Amino acid sequence: MSNQSTDTPSESSHVHTITPIPEREHVDSVGDASVGSDVSLSWLRQLYLPKEAPDRKVSTDGTVQYSMQRNYPAVRQLSPAKRERILVTGGAGFVGSHLVDRLMWMGHEVIVLDNFFTGTKRNVQHWIGHPHFELVSHDVVDPFMIEVSQIYHLACPASPPHYQYNPTKTVKTSVMGTINMLGLAKRTKARFLLTSTSEIYGDPEEHPQKETYWGHVNPIGPRACYDEGKRIAETLTYSYMRQNDVDVRVARIFNTFGPRMSPADGRVVSNFIMQALRSEPLTIYGDGDQTRSFQYVHDLVDGLILLMNKNYMEPVNLGNTEEYTIKDFAIMIRDQVISSPVAKPVNDVKIKTLPAAMDDPRKRKPDITRAKKYLGWEPRFAVKQGIQETVDWFKLQQVEGAI
Ligand SMILES: O=c1ccn([C@@H]2O[C@H](COP(=O)(O)OP(=O)(O)O[C@H]3OC[C@@H](O)[C@H](O)[C@H]3O)[C@@H](O)[C@H]2O)c(=O)[nH]1
């Protein structure tokens, strides 16, 4: 993409009317006691923002030495009758690894399947060797047999540059991967949760988007491999439910961010934070008037665990209703990175405009009435608190020389 102009966009001109964002309190614990997922934020932070890192020694010569941990993070004791065997596909990815942390905390046995295309072993390194944990290098496109009682099916690249890198493989992952996992659920009678996406609504004509909206998707465009892939994954899920009595759950996940996003992920949050940390101009695709609503990853994990454990089988939107235009979001991230102490000083950060991405949805915001009603869930984190934690994590990576 070529650079068209380099300047700071006006903070006032909006195409859509955006509801003002109410102030939220600082969050210091997450989860829900009714399903046992409640935990202090400090317990989670020690996994990705540790005060001490006993599993690695970072040296000034640019090397890192990993070692066996002496202690694993504490987890809840569960009686064998209450302990589930849970399969998490894509469990070494950004969202998957946070879900794994929480399921481990709850005292369950967790088996992670990952092909490490976008996930990394590093995300779950603190659990390797734990008696409740198993990491399997496997691509869900191929069948996999195991005895489990719950399946969280996350495996699929989720960032537009990643899923468009090999679109045929993305379709295969969604279609064959979901058939394989639904087949496993059918055989083992495991409860199956599909992580679908807000992208199934395409470039929506309804705003905010309710689960009853059928969407507006270009079936042959560059995003179709993901949008249509996830739509057929939903179709497969409900076909197995009707035909084979599989106990299913479907989460439609809206834009999510947090620690462990790959710096090279290509999505807007990691791009903007990386660019600001490097004192490079933030890249806005198109006019920047398109909107997104961003949720912090711990809120999403809360929603996924509640959905799995409640008795509701229709699709459920999981997302934050704090809506930003991308140009306002750029200014917010830039200000937050500049105002927090960073490893290397950040100079004046500009904002530049690049051509719009093809078929880029103009607006996106979830209607979360269903999640509130059936799961008792709504996001707790203000976007700003989540962005602060995410910036802290990116800074730690910078200090360690990992980015
Ligand atoms: O550097 C960038 C990156 C992105 N953007 C824009 O920021 C907006 C958000 O882009 P992202 O790539 O982060 O995410 P998108 O909303 O396009 O897709 C996401 O949707 C929901 C999820 O299922 C997926 O994680 C992902 O497909 C888009 O309008 C995009 O064009 C920029 O302006 N600059």
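Keep in mind that what you see is a predicted model, and the values were worked out from it rather than measured. Start at 1 and go down the list; that is how both ligands and their atoms are numbered.
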In short, R76 meets S37 closest at the heavy-atom pair NH1-N, 4.4 Å
Q.
Applying side-chain contact (heavy atoms from CB on, under 4.5 Å) to V171 and E228, what does each step give before you reach the verdict?
A. CA-CA 8 Å; V171 176; E228 297 287 18; over 6 Å; no
Ordered by chain then number, the protein residues lying under 4.0 Å from ligand 1 by heavy atom are A158, P160, Y163, T197, S198, E199, R223, Y226, N255, G266, R267, V268, N271, F272, T283, I284, Y285, Q290, R292, I326, D360, R364
Residue pairs passing the ring-ring contact (aromatic ring centres under 6.0 Å, His included) test with at least one member in residues 239-260, sequence neighbours excluded, are F257-Y296
So ring-ring contact (aromatic ring centres under 6.0 Å, His included) across residues 299-335, not counting sequence neighbours, yields F294-F329, Y312-Y374, Y324-F329
Taken in chain and number order and not counting sequence neighbours, the residues that satisfy salt bridge (charged side-chain N to carboxylate O under 4.0 Å, His left out) with R223 are E199, D360
Q) Does the separation of the ring centres of Y48 and H298 fall below 6.0 angstrom? A) yes
